[in-house]
Trainee: 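A single structure is presented below for examination.
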Amino acid sequence: MKPSPSNPVVLYWHRTDLRLHDSPALHAALALKPAVFIPVWTWDPHYVYRARVGPNRWKFLLECQSDLSQSYSKLNPKQKLWLVREAPQTVLPKLWKQWQVTHLVFENDTDAYARDRDNEVARLAEDAGVEVIVRMGRNLFDPDHLVRKNGGKPTMSMTQVQKAAEKINNGQPEKPLESPTSIPDPWDEGKMDLSNLQQDMADANLDLNAVHRTTSDKQYSHIMGPQKNFSVPTMEEIGIDPSQAESPHRGGETAALNLLGSHIQNEEYVGTFEKPNTSPAAFEPQSTTLLSPHLHFGSLSVRKFWWDVQSVLEKRKKQKKNNSSIPTNIPGQLLFRDMYFAAQAAIGHRFARTYGNPVIRFIDWHLQSSDPQGNDSENENYHKDSDEAEIWFQRWKEGRTGFPWIDALMRQLRREGWIHHLGRHSVACFLTRGGCYVSWERGAEVFEELLLDREFSFALTVGIHNLTEKPDETACNVGNWMWLSCTAFFSQFYRCYSPVAFGKKWDPEGLFIRHHCPELSQFDKKYIYEPWKAPIADQKKWGCRVTGDGTDSVQHGKVYPKPMFDFDKRRQICLDSMKNAYDVGLHGDDEEVKSGAWKERFGWLDNSENQGKKPSKRQKTD
DNA sequence: ACATGTGTTGCATAC
DNA sequence: GGTATGCAACACATG
């Protein structure tokens, strides 16, 4: 067979679409009636080394890849997902040549990094005479389209999203497409072999994920993988001990569709779902759908989710049953996802950081990210302006703040890769405006590493040699952090979550705390949210002393740390500081922020640690 | 221009 | 135990 317009050789590039159902790009690829069809995944070493990815996230991704590969094999025993170990910018041109590719097809990705990457790939394809076909498939509505219908501006409120969506198709997303029932062959085995190719690699010394590896990363030993068969890597091959990935949440399209199906059967749940009325303390079973990781990895189509839910809502409507409504119902949750995507699509790289970000309020946080222009010391990605705040941040990250509600949530995050939305509110508020006064960027990085469902991001800007750029953290994760820290999207900073009262409202017995902080399991419910108040005699009786900062190894029996600060005092300091920062009224793209002159406006002296402590009254400037 | 109502999800207190 | 309020008060949408 000779490749030609009538015999197309189609390379399908899977990225954020690890599924066969409802993929407009895959549909377009198969509509070409390929003589040869090769679905690939490019394991970009720059991403592997530079994106923060914890063990649970790796495992979930591998499960998605395995499931997709098996689905291809079921439709055509000669087929699978062909995994290539190299950056797309270098390996795709080699593949086009080797496999005589006529068409490259992929799903559109409006993330800032992805845009740069895809523009570069499209340029290379044009040079090579390969036709590129791109389709929107990741969102309810094309984020760029939403932005255009929002007057070219980032979508900063739900009202704006709804109005823009109304102008696209009366607010109706496209209906989902069926999975293909047959898949064409790849080349025969000999032609698929890439043994003659040189592998371009990244510098493994820049591996941010080395901390998670127990052995060396072996998956890059060959461009076709360690087995030289394009296989999905094992956890062992990427150097991570599988016992470190304890999450009960399973990846893959099959798992996603099963989970969606089981929720859809529960019509009462789907019809009456109201996010603020779902418990952040519920476990076994959890109170929300757990489908967000599948949206994140593309193992579930958001339009399939939307329309399956709509069918339930319509049925209930006919039965004269009450449904909950936007924004608290399930479709509302999906629209928030599109809101963050479209906001990022309008703003680009600046959306994921403070410096230069036009939509973000500037707050004088502790531990702010270093200026990307390099005004700070070069080896730190954030400014350690306060030893105290750095300690608070580490204790928060490791789940040893001494506030059981916060610690239980942070331990759940690390262990399971997922916490309930309101739990995320609690820990995010606590780290930023309602406790530590630490920059939201620090929290977003921790979530990026540990959450299964923060939206996909890649490590570098265009040009695979530029490894100094801060990784993008992308839309939903950074958007929610801005929301909770009251720097964008939301501003009512006087609504402050208590690490004691909020959890108690949902779980007065403290079952959630007992589950994730087992050293406290015997405490009476009177003290479970405030164990430092329990009398010493009771602490002894219940087998756990409240002492130290959580770093002490086992003393005499079990210990739980003392609270790292007086919350009520910190709350007042944070409120005053937020008020002051709002009065100063700077935004991320103001010249004073970029130049560092903001320090003067906030009354900072060199080397002072007074922010978040003694706010000075400032006059409004405009 | 300006006032008014609303905004995915606060807390403590009072009845 | 639900519901209203003060807290000290922002940003957006709409008339």
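Order of the sequence lines fixes the chain letters, A, B, ..., with proteins taken first and strands second; residue numbering starts at 1 for each chain.
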Trainee: Is the Tyr340(A)-Phe489(A) ring centre distance short of 6.0 angstrom?
Mentor: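 Yes, ring centres under 6.0 Å apart.
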
Trainee: Please report the distance separating the P of dT5(C) from the corresponding atom of dG5(B), rounded so that it comes out in whole Å.
Mentor: 14 Å

Trainee: Between dA13(C), dC10(C), dA12(B), which nucleotide has the shortest distance from any of its atoms to the side chain of Tyr494(A)?
Mentor: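 Per side-chain heavy atoms of Tyr494(A), the pick is dC10(C).
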
Trainee: Please state the C1' separation for the pair dA13(C) and dA1(B) - nearest whole angstrom.
Mentor: 15 Å

Trainee: Tell me what Trp483(A) touches on the nucleic acid: a base, only sugar-phosphate, or nothing, going by heavy atoms under 4.0 Å.
Mentor: base

Trainee: With side chain to side chain donor-acceptor pair (under 3.5 Å) as the rule and sequence neighbours excluded, what pairs involving residues 259-274 of chain A come up?
Mentor: Glu267(A)-Lys315(A), Glu268(A)-Arg316(A), Glu274(A)-Asn277(A)

Trainee: Could you pick out which residue, Lys163(A) or His587(A), lies toward the 5' side of DNA chain C when each is mapped onto its nearest nucleotide?
Mentor: His587(A)

Trainee: For Phe493(A) and dC10(C), say yes or no: do the ring centres fall under 5.5 Å of each other while the ring planes differ by less than 30°?
Mentor: no

Trainee: Just compare dC10(C), dC12(C), dT8(B) and give me whichever is closest to any side-chain atom of Pro276(A).
Mentor: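 Nearest to the side chain of Pro276(A) among the choices is dT8(B).
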
Trainee: Heavy atoms under 4.0 Å, any strand shown: does Lys504(A) hit a base, just sugar-phosphate, or nothing?
Mentor: nothing

Trainee: Using Watson-Crick and G-U wobble pairs whose two distances are both under 3.5 Å, how do you write the pairing of DNA chain C as dot-bracket, with | for links to another strand?
Mentor: .||||||..||||||

Trainee: Using atom P of each nucleotide, how far apart are dG7(B) and dA8(C) to the nearest Å?
Mentor: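 My reading of the P atoms in dG7(B) and dA8(C) gives 25 Å.
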
Trainee: Contacts to DNA chain B from residues 280-290 of chain A, heavy-atom cutoff under 4.0 Å, which residues?
Mentor: none

Trainee: Kindly assign one of parallel, tilted or perpendicular to the pair His420(A) and Trp418(A), based on the angle between their ring planes and the thresholds 30° and 60°.
Mentor: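 The arrangement is perpendicular - the two ring planes meet at more than 60°.
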
Trainee: NA contact type, Glu274(A), heavy-atom cut-off 4.0 Å: base, sugar-phosphate, or nothing?
Mentor: nothing

Trainee: Aromatic ring centroids of Phe60(A) and Phe297(A) under 6.0 Å?
Mentor: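 When the ring centroids of Phe60(A) and Phe297(A) are compared, they turn out to be within the sub-6.0 Å range.
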
